[in-house]
Amino acid sequence: MTAPAKDRDNVVAEGGARVGAAAPTAGTRARRRADAATTIAWAAARAGFDLPVRVRAWDGSEAGPAGPPTAVLRSPRALRRALWAPGELGLARAYVSGDLDVEGDLTEGLRRAFRAARPAQSGRAWGGGASDGRATGGRVSRGRVSRGRVSRGRVSRGRGPGAWAGWGPGRWADVVSAAAVAASRLGVLGPPPAPPACEIRLSGRVHSRARDQAVIAGHYDLPVSFYRLILDPAMAYSCGYWTGDGPGYGLADAQRDKLDLVADKLRLGPGVSLLDLGCGWGSLTVHAAQHRQARVSSVTLSAEQGGYTRERLRGLGLADRAQVLIQDYRDTTGGPYDAIASLEMGEHVGADGYPAFCAALHRLLRPGGRLLIQQMSRGRNAPGGGAFIESYVTADMHMRPVGETVGLLEDAGLEVLSVQALRPHYVRTIRAWLGNLEDNLPAVEAIIGRERARMWRLYLAGGALAFEEGRMGVDQILAARPE
């Protein structure tokens, strides 16, 4: 069927904008509603882009490029969700709810969708920077570091439409108008569908203690049996360090090598005191106490993580070398410590609180002691985070170019010794987690439910792609408190 001619329906879109004029006859209405996929393709073309993947609609019609992957709209609600929340959030709601599915490679489907959404003038993925895991002394790819000074750009708070951040108001008006016309032609205009039940609903001041507790509990206080299905046996929920490519080398090896890398940089050994700030499921705490005979104090805000790590330590006979405190990082006292590690916890601190966080690290570290921060970053022109992450994964996260983090640490009186970019390592790590999730999908759904399992699948597929394309990075920053 050919694309419908210019619409003459009388449509009132969101915001009161009128599109078209006279209402269709019963015959034309039936004909127009018979081919949903063609109408959707027409709307995409009207908005200025071709369908990036093949689309199969709820009426069985198909349009778009041949071959997989195929976006399957199982219900008209998928289109309504996209109309009421244009961009990343609407599509995420449609996928998580099951109104939208993807047959074939989900990652490839996302790759094509992001490519279609990317501003034409960008010419490449956001970001850039080092593409390997080599350490640099005094040179940082995502923010200039020169003689102890860092050039700092504008800071994004990780909100907004994510991959669609480059679209201006005019482009969004075209998209919404075209979607409204398509929805009218298909007879699917209506009120917004309810969001999936697992969408985050928060209240209170951002980064207040109560809100931070709720954010952490929502993501990390899932049953440990779920995390066991997707993580390695050491339960490391952070980027691994992949030193091999052979068939016998996998996720567990990469996480072990990452823990050894951290321990070596911090010079951990018998009797060395380590503060593990944001200890997660205890991978570094256990490794440092068991294999380096260090004395470890660990801090986490997650009751699930804290309880699990305590049990691990007791079971391994390490309770005399390591203690776990379930508390807000702002309540950390003691020290001064010989070494401090914070593995992918700083993203939860927030922009306003980060200078105080750095000052606390300086205070808790003894003169001559070493600090290692492993932290996600964003490209200078990349948004970081996005509506999906904010609404489904962990709200209130903040990512900045790594050079800005270096500058904040230096402002607190710490000396930055090296920066090591690990971005390609996170692509492999997250894809290993995604593989574990897909291999264990029935068990995952039994533990956390179908909607939340779909959310995790979308989160991991999209996260790996963000690192692959350079929109996000992850870095190890090694610093010391001067004598």
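For the residue pair Q374 and Y241, no side-chain donor N or O sits within less than 3.5 Å of a side-chain acceptor on the partner.
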(request) List the steps and the verdict of side chain to side chain contact (heavy atoms under 4.5 Å, CB included) for E469 and R111. (result) CA-CA 9 Å; E469 296 185 341; R111 182 182 289 112; 3.8 Å; yes
(request) Please step through side chain to side chain donor-acceptor pair (under 3.5 Å) for the pair Y249 and T243, ending with a clear verdict. (result) CA-CA 9 Å; Y249 188 93; T243 63; 3.1 Å; yes
(request) Under the side chain to side chain donor-acceptor pair (under 3.5 Å) rule, what do K258 and S238 come out as? Steps first, then yes or no, please. (result) CA-CA 9 Å; K258 185 270 302 293; S238 57; 2.8 Å; yes
(message) Using the rule given for side chain to side chain donor-acceptor pair (under 3.5 Å), can you reason through S297 versus Q323, listing the C-alpha separation, both sets of side-chain angles and the distance that settles it, and then say yes or no?
(response) CA-CA 5 Å; S297 296; Q323 62 169 340; 3.2 Å; yes
(request) Begin from the C-alpha positions of V427 and R431 and carry the test side chain to side chain contact (heavy atoms under 4.5 Å, CB included) through to its verdict. (result) CA-CA 6 Å; V427 179; R431 290 205 171 130; 3.3 Å; yes
(request) Report the C-alpha distance between T394 and H348 in whole Å, list the side-chain angles of each, state the deciding distance to 0.1 Å, and finish with yes or no for side chain to side chain contact (heavy atoms under 4.5 Å, CB included). (result) CA-CA 9 Å; T394 48; H348 296 288; 4.0 Å; yes
(message) As a quick check of understanding, evaluate side chain to side chain donor-acceptor pair (under 3.5 Å) for Q305 and T300, giving each step before the final call.
(response) CA-CA 7 Å; Q305 291 182 336; T300 179; 3.1 Å; yes
(request) For the pair L229 and N436, evaluate side chain to side chain contact (heavy atoms under 4.5 Å, CB included) and give the outcome as yes or no after the intermediate values. (result) CA-CA 7 Å; L229 291 174; N436 288 342; over 6 Å; no
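Between D99 and R74 there is no side-chain heavy-atom pair separated by less than 4.5 Å. Put simply, the side chain of M235 reaches to within 4.5 Å of the side chain of Y308, judged on heavy atoms. The closest side-chain heavy-atom distance from L364 to I340 is below 4.5 Å. Using a 4.5 Å heavy-atom cutoff, the side chains of Q476 and L372 are in contact. Residues V324 and L313 have side chains in contact (heavy-atom distance under 4.5 Å, counting atoms from C-beta outward). Side-chain contact between L202 and R211 is present, with at least one heavy-atom pair separated by less than 4.5 Å. For the pair L316/Q290, a side-chain contact is recorded, criterion being any heavy-atom separation below 4.5 Å from C-beta on. Residues V406 and V419 form a side-chain contact, since some pair of their non-hydrogen atoms from C-beta on lies under 4.5 Å apart.
With rounding to the nearest 0.5 angstrom, the CG atom of L251 is 11.0 Å from the CZ atom of R256. Once rounded to the nearest 0.5 Å, the distance linking OG1 of T405 with CE of M399 reads 11.0 Å. Taken to the nearest 0.5 Å, the CG atom of L261 stands 9.5 Å off from the CG atom of L266. The OG atom of S302 sits 7.5 Å away from atom CD1 of I326, with the distance rounded to the nearest 0.5 Å.
The aromatic rings of Y227 and W281 sit tilted, their planes meeting at an angle between 30° and 60°.
Formation of a donor-acceptor pair under 3.5 Å by the S391 side chain with backbone atoms of A387 is found in this model. A distance-only check finds a donor-acceptor pair linking the side chain of S97 to the backbone of A94 [under 3.5 Å]. Side chain of R370 to backbone of K265: a donor-acceptor contact under 3.5 angstrom is found. Using a distance-only test at 3.5 Å, with no hydrogens or angles considered, no donor-acceptor pair links the side chain of D331 to the main chain of Q327. The main-chain N or O of F388 is found under 3.5 Å from a side-chain atom of E88 such that the two form a donor-acceptor pair. R481 contributes no side-chain N or O that, together with a main-chain N or O of R366, makes up a donor-acceptor pair within less than 3.5 Å. With hydrogens and angles ignored, the 3.5 Å screen pairs a side-chain donor or acceptor of R201 with a backbone N or O of E199. The closest donor-acceptor contact from the side chain of R457 to the backbone of L106 lies at 3.5 Å or more, if one exists at all. Using modelled atom types, no side-chain atom of T70 and backbone atom of E103 make a donor-acceptor pair closer than 3.5 Å. For E347 (side chain) and M376 (main-chain N/O), a donor-acceptor pair under 3.5 Å exists by modelled atom type.
Atom CZ of R267 has 12 or fewer heavy atoms from other residues, nucleotides or ligands within 6.0 Å. Annotation for R454: atom CZ counts as buried by contact number, over 12 foreign heavy atoms lying within 6.0 Å.
Nearest heavy atoms, V444 versus A453: CG1-CB, 3.8 Å.
The side chain to side chain donor-acceptor pair (under 3.5 Å) search around D260 returns H287, R292, not counting sequence neighbours.
In this structure, R400 satisfies the cation-pi test against Y354, with its NZ or CZ atom closer than 6.0 Å to the six-membered ring centre and inside 45 degrees of the ring normal.
Here the rule is side-chain contact (heavy atoms from CB on, under 4.5 Å) with R81, and of P192, P196, P86 only P196 fits it. A side-chain hydrogen bond (donor to acceptor under 3.5 Å, both in side chains) with W242 is found for one member of D253, T429, D257 and no other, namely T429.
The six-membered or imidazole ring of Y392 lies away from that of Y459, with a centre-to-centre distance of 6.0 Å or more.
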